[in-house]
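Basis for what follows: all heavy atoms, side chains included, without hydrogens, waters or symmetry-related copies.
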Amino acid sequence: MSNAHDVYDNPLIGRYASKAMSQRWGPVRKFRTWRQLWLWLAEAEAELGMTGDDGKTPRIRPEQIAELAAHLDDVDLARAAVWEKKKRHDVMAHVETLAEVAPKARDIIHLGATSCYVTDNADLILVRESLNQVCETLAAAIDALGTFAETWKNEPTLGFTHFQPAQLTTVGKRATLWLYDLVLDLRELERRRDELPFRGAKGTTGTQASFLALFRGDHDKVKHLDRLVAKKAGFGDVVPVSGQTYTRKLDSQVLDALCGLAQTLHKWGGDLRLLAHRQEVDEPFEADQVGSSAMAYKRNPMRAERMCSLARYVMGLPAMAADTVATQWFERTLDDSACRRLYIPQGFLAADAILRIALNLANGLVVNREVIAKNVREYLPYMITENLMMAAVQAGGDRQEVHEVVRLHSHAVTASVKAGTGSTQELLAKLKGEAAFAKVDFAAVTGEGAKEFVGRSPEQVGEFVAEHVEPVRKRYAGVLGMKAELHV
């Protein structure tokens with residue numbers, strides 16, 4: 001880190017959350033944004049012709065604006081801390097700190113505003129930027145996982161229901177299940193980013209009374225002020241009404257979207273951990289990496305585990321945001337302040353960390369084809385029975401009677417396998433000896449083996465990538481190269 005005060009001080013920072021995200025939620029960026037908001041407010045008030053007591057003289061002079069603009073970046077945290085100890089108010093501490101280096105502008109800093117003008121509007125700026133970064137990193141993960149799905153779209157593997165072997169699928173088709181949830185998450189995060197409004201200049205309880213007084217009862221100028229400040233901040237919309245704060249429903253909706261992403265990545269991480277147990281798919285593992293301090297042979301899926309752990313943390317945050325929405329008193333209560341300063345930054349830091357791990361995984365998964373093929377061979381006789389049943393019925397058999405024959409022989413073979421006295425390969429031989437399957441051409445049904453039983457898995461992968469991944473690649477073409485920089 002370039003500066004101890006440059007980043008948000010949280011254990012998630014460092015190897016996992018990106019420097020960009022941690023700096024965005026650090027104190028330097030926060031208080032610089034406050035100063036920028038004071039500059040925008042002063043500029044807007046001047047542009048709208050705010051006058052002094054005589055009703056003619058401009059209330060805000062060009063040299064005052066110039067002095068504010070000259071001191072956006074020299075935030076003195078130590079000096080602000082001295083003022084805050086005295087004032088017991090963070091916003092006033094920074095007003096005084098700025099006024100010391102911009103004395104000409106002292107009387108126009110924070111003019112007509114309440115504390116939430118800077119605190120809430122700054123939060124919205126940082127939330128929108130953070131949502132954009134999350135969307136970009138998520139798009140890179142979708143791109144990488146889409147490539148993985150395409151690469152392995154034809155590779156037969158066991159499908160599972162109830163975590164019991166079921167029909168065959170392919171390695172690539174399974175990846176599309178993870179991908180689809182990620183695509184849905186991206187749509188929701190984009191919506192929250194694109195629809196996020198600005199609080200604007202609303203005054204102490206949202207009535208804009210202070211600005212109406214400063215503009216001598218000119219309602220049009222007050223309305224314009226709200227929009228003009230938002231425009232300077234790059235927002236196309238402002239909340240139509242507010243109390244002292246913007247509605248905390250916005251925070252709750254954003255945390256819900258991050259929670260949805262965490263749910264998806266936890267599910268993916270859980271699947272990878274199960275696949276690692278089966279030794280079918282491994283996550284990246286460095287040459288000198290240690291899996292256990294005691295069991296030197298171990299190769300733990302630590303990336304997937306960490307992804308699940310951080311995802312669990314994010315999934316717990318929306319409850320606090322929901323409580324905040326539910327316990328607002330009239331125009332505002334202050335018990336939301338401390339917890340929001342924790343769950344909003346930490347929600348984004350954790351989401352960013354999870355996505356960086358996910359991107360690393362998507363770019364480095366190792367498919368163990370021989371292990372997968374061995375597992376497929378072991379269970380393939382069971383998989384074939386469904387097609388044999390259909391062939392027997394088409395040849396004139398009774399579906400329920402055929403089903404019972406398969407059931408009895410399947411369970412008998414399974415029992416012998418568990419006892420160590422038999423093999424799954426015996427199943428087809430037993431069925432061939434049954435009258436119910438006398439008219440079935442076993443060779444025609446089994447065909448060329450496993451690939452005959454994956455259904456439309458390869459085609460589904462191609463269709464999904466074309467219809468759902470390619471649009472993401474197109475929208476985020478300019479940032480997909482980030483994947484090379486995000487290895488954990």
Side-chain angles (χ1 to χ4, degrees), residues 1-14 17 19-46 59-127 129-130 199 201 203-204 210 214 229 232-233 244-245 332 334-342 344-346 348-349:
M1 300 303 168
S2 60
N3 188 312
H5 299 296
D6 200 19
V7 298
Y8 189 90
D9 186 15
N10 183 277
L12 295 171
I13 296 172
K19 186 175 182 180
M21 188 67 80
S22 60
Q23 285 183 327
R24 179 176 298 116
W25 291 102
V28 172
R29 175 62 200 285
K30 172 181 175 179
F31 299 128
R32 187 202 181 280
T33 304
W34 286 11
R35 290 188 174 191
Q36 181 66 72
L37 283 159
W38 282 321
L39 174 61
W40 285 331
L41 180 61
E43 288 176 341
E45 290 171 336
R59 178 68 180 82
I60 299 171
R61 305 187 305 278
E63 62 268 25
Q64 292 177 303
I65 291 177
E67 193 170 59
L68 285 180
H71 292 283
L72 293 179
D73 297 321
D74 56 348
V75 176
D76 188 339
L77 297 177
R79 185 58 182 160
V82 172
W83 275 111
E84 187 166 358
K85 186 175 181 179
K86 180 179 180 179
K87 296 282 188 178
R88 305 300 297 171
H89 195 288
D90 56 350
V91 174
M92 284 307 301
H94 281 272
V95 168
E96 294 290 353
T97 303
L98 177 56
E100 286 182 332
V101 296
K104 293 179 184 177
R106 168 179 283 277
D107 66 332
I108 67 162
I109 298 172
H110 202 63
L111 184 60
T114 187
S115 295
C116 288
Y117 167 73
V118 288
T119 58
D120 273 25
N121 282 324
D123 282 349
L124 289 167
I125 290 170
L126 301 181
V127 164
E129 288 181 12
S130 298
R199 177 191 177 274
T204 306
S210 57
L214 287 169
V229 173
K232 289 177 179 291
Q244 187 174 92
T245 65
R332 190 276 154 95
L334 196 60
D335 63 355
D336 71 344
S337 180
C339 59
R340 286 182 69 255
R341 296 186 196 200
L342 292 171
I344 295 177
Q346 290 184 11
F348 279 110
L349 286 165

Donor-acceptor pair, [X] side chain versus [Y] backbone, under 3.5 Å?
X: Ser22; Y: Lys19; result: yes
X: Gln244; Y: Thr204; result: yes
X: Asp120; Y: Arg199; result: no

Parallel, tilted or perpendicular: rings of Trp25 and Phe348 (30°, 60°):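 The arrangement is parallel - the two ring planes meet at less than 30°.
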
If you take all heavy atoms of [X] and [Y], which pair is closest and at what distance?
X: Leu41; Y: Leu111; result: CD2-O, 3.5 Å
X: Val229; Y: Ala44; result: CG2-CB, 3.9 Å
X: Ala122; Y: Thr33; result: CB-CG2, 3.8 Å
X: Ser210; Y: Gly112; result: OG-O, 2.6 Å
X: Ala233; Y: Ile125; result: CB-CD1, 4.4 Å
X: Cys116; Y: Thr245; result: SG-CG2, 3.6 Å

Pairwise side-chain contact, Pro345 with Met21, heavy-atom cut-off 4.5 Å (strictly under):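 No, their side chains stay 4.5 Å or more apart.
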
Side chain to side chain, Arg29 and Gln23, heavy atoms closer than 4.5 Å: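 No - every pair of side-chain heavy atoms lies 4.5 Å or more apart.
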
Can you measure from [atom1] ([X]) to [atom2] ([Y]) and round to the nearest 0.5 angstrom?
X: Arg332; Y: Ser115; atom1: CZ; atom2: OG; value: 8.5 Å
X: Trp34; Y: His94; atom1: CH2; atom2: NE2; value: 5.5 Å
X: Leu98; Y: Asp76; atom1: CG; atom2: CG; value: 11.5 Å

Which pairs of donor and acceptor atoms, one on a side chain in residues 64-74, lie under 3.5 Å apart (sequence neighbours left out)?
from	atom 1	to	atom 2	distance (Å)
Gln64	OE1	Arg61	N	2.8
Gln64	NE2	Lys104	O	2.9
Gln64	NE2	Asp107	OD1	2.9
Glu67	OE1	Lys104	N	2.7
Glu67	OE1	Ala105	N	3.1
His71	ND1	Asp74	OD2	2.7
His71	NE2	Val101	O	2.9
Asp73	OD1	Arg32	NE	2.4
Asp73	OD1	Arg32	NH2	3.3
Asp74	OD1	Arg35	NH1	2.9

Salt bridge (charged side-chain N to carboxylate O under 4.0 Å, His left out) partners of Lys232, counting only residues at least two apart: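 Per chain and number, Lys232 pairs via salt bridge (charged side-chain N to carboxylate O under 4.0 Å, His left out) with Glu43, Glu47.
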
Test log, rule salt bridge (Lys or Arg N to Asp or Glu O under 4.0 Å), inputs Glu96 and Lys87: CA-CA 10 Å; Glu96 294 290 353; Lys87 296 282 188 178; 3.7 Å; yes

Glu100 with Arg79: basic N within carboxylate O range, under 4.0 Å: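 Result for this pair is yes, salt bridge flagged.
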
Side-chain ion pair, Lys30 and Asp123, N-O less than 4.0 Å: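 Result for this pair is no, no salt bridge flagged.
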
All ring-ring contact (aromatic ring centres under 6.0 Å, His included) counterparts of His110, not counting sequence neighbours: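 Applying ring-ring contact (aromatic ring centres under 6.0 Å, His included) to His110 gives Trp38.
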
